[in-house]
2 protein chains.
Amino acid sequence: MKQVHATALKQLAIMGALNAFTEVTSKRLGEALGISQQAASMTILKLAESGLIERQIGHKGQRLMLSPKGVELLKKEYLEYKLLFEPAKRMQIHGTVFSGLGEGKYYISQPKYKQQFLKKLLFEPFEGTLNIRVVPADMPLFQRLSYSEGIRIEGFVSKGRTFGDVKCFLGRIQGIECSVILPVRTHYTDVMELIARENLRSRLSLHDGDIVEAEVEMD
Amino acid sequence: MKQVHATALKQLAIMGALNAFTEVTSKRLGEALGISQQAASMTILKLAESGLIERQIGHKGQRLMLSPKGVELLKKEYLEYKLLFEPAKRMQIHGTVFSGLGEGKYYISQPKYKQQFLKKLLFEPFEGTLNIRVVPADMPLFQRLSYSEGIRIEGFVSKGRTFGDVKCFLGRIQGIECSVILPVRTHYTDVMELIARENLRSRLSLHDGDIVEAEVEMD
DNA sequence: ATTACTATAGTGCGAGTAA
DNA sequence: TTTACTCGCACTATAGTAA
């Protein structure tokens, strides 16, 4: 999925193909996008091939409509812009519970982290994390955390091993206070890890695959 | 200005460069965009060259911030998405008054148009149009009219000359009822033409270069 | 009118690498 | 570590044109 195709998809939506089959010639699309008729024709083919639009082809023209997948893509794009210009301090992030490999538990059990949790989060977390795989639609929200300051927990070296800086964002899950914890040096991930006073999994009777909503405060 | 650069600009904004100089390495930008460090570096150069971002270069890294022009570009993009998913029925479109070549007057003076104006707009317009050059920021709003139905005025042939279908959108300018009129087969333009019962220019004491706000109803 | 194929020209990407 | 150059390749656009 190339970016130029997302632009074409947006243009088609503007032309009315967002929620109805609309007559769009490759010539008109090309003019609107500032590309040739041929390039527009190819773009339409690629969009259809990617399953982002549905086509109805006649002998003199075609009717196009965005597919649900196409609409979803534009909505995600819209959300990203909206977060830029109308940032919300409180976000609801949805995802599914899954079991990690216990790495989270190992990390947050480190005394030098624990001291800081108590001091900066004002609670001593249960030694384990709740792993949530964020739904694609909420990824722009979740990613905002990567680019925000949050509550900084300093890293350290222990027994020759490096524990990097991490950051936290306070929040709630089903009414229980908790905190999102993520590394400062973060790479793209859809895994959100939560820590709390208690064992969230047992306290909330959560099982793998359960869909949950976490509320996260940005500052 | 290529589309891929707009995407990079958005990513930089997400990373915090929207309103503050932010440390961004070409490597990190590349990772976020799914391109190589080299390509990201080139993209940054092009963005700076286009005046969309400001750079502060150090010996080990750089700090970037969007320029006002860059912010404007993203805002326009945001507006386009917003109109898609949260369309407003009433829009305020801004522009500057300018003098046309009297073509508008010639067209709307045609009896077959005038009959329809009276019947469909419920008023007989003054024989002249007020030309407004729409400000760039409001272009997405104005363009929505091109892709909307509006009140259809049928075209005709008179004395061997073809007068095409046009469409109208009711509205107001400084409290005076008026109508935007534009051809159905519309090409990209920033010229909005208004018709009204009276001569808007004299009624509102407008002169070339005056900035005005027109309110337009979409249905 | 359309869509869309083919051939060619042009642009952009990543790898290697210099500074 | 950075940024950003050159080079070669692949992708993409356009012109011409067929259907």
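All values below were derived from every heavy atom in this structure, side-chain atoms included, with hydrogens, water molecules and symmetry-related copies excluded. Chain letters run A, B, ... following the sequence lines, proteins first, then strands; residues in each count from 1.
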**OP:** Would you tell me if any nitrogen or oxygen in the side chain of A:Gln62 comes within less than 4.0 Å of OP1 or OP2 on C:dT2?
**Re:** no
**OP:** Pick base, sugar-phosphate or nothing for B:Ser41, based on heavy-atom distances below 4.0 Å to the nucleic acid.
**Re:** base
Subject >> Minimum heavy-atom distance between B:Ala8 and B:Leu47, given as atom pair plus value >> reply: CB-CD1, 4.1 Å
Original post:
Contact class for A:Arg28 (heavy atom, under 4.0 Å): base, sugar-phosphate, or nothing?
Top reply: nothing
**OP:** Please test A:Asp219 against A:Lys89 for side-chain contact (heavy atoms from CB on, under 4.5 Å), starting from the C-alpha separation and ending with a verdict.
**Re:** CA-CA 7 Å; A:Asp219 19 301; A:Lys89 292 196 169 182; 3.5 Å; yes
**OP:** From the options B:Ile151, B:Leu122, B:Ile108, select the one residue that forms a side-chain contact (heavy atoms from CB on, under 4.5 Å) with B:Phe117.
**Re:** B:Ile108
Subject >> Letter per nucleotide, 5' to 3', of nucleotides 13-19 of chain C [B base touched, S only sugar-phosphate touched, - untouched; heavy atoms, 4.0 Å] >> reply: SBBB---
**OP:** Let me know the distance between CD1 of B:Ile57 and C1' of D:dT1, rounded to the nearest Å.
**Re:** 17 Å
**OP:** Identify the residue among B:Met192, B:Glu215, B:Arg144 that makes a side-chain contact (heavy atoms from CB on, under 4.5 Å) with B:Ile93.
**Re:** B:Met192
Original post:
Expressed in angstrom and rounded to an integer, what is the separation of A:Glu49 atom CD from D:dC11 atom P?
Top reply: 13 Å
**OP:** Give the rounded distance in Å between these two atoms: CG of A:Leu29 and C1' of D:dA13.
**Re:** 14 Å
**OP:** Check every strand shown and say whether A:Leu45 touches a base, only sugar-phosphate, or nothing at a heavy-atom separation below 4.0 Å.
**Re:** sugar-phosphate
**OP:** Write down the distance between CZ (A:Arg55) and C1' (C:dT3), rounded to a whole number of angstrom.
**Re:** 8 Å
Original post:
Do you know which two heavy atoms are closest between A:Thr43 and A:His5, and how far apart they sit?
Top reply: CG2-CD2, 3.8 Å
Subject >> Expected output: side-chain A:Gln116 to main-chain A:Lys112 donor-acceptor under 3.5 Å >> reply: yes
Subject >> Nearest-angstrom distance from the residue atom CD1 of B:Ile44 to P of D:dC5 >> reply: 12 Å
Subject >> Length of the CG-P vector between A:Leu47 and C:dA4, whole Å >> reply: 13 Å
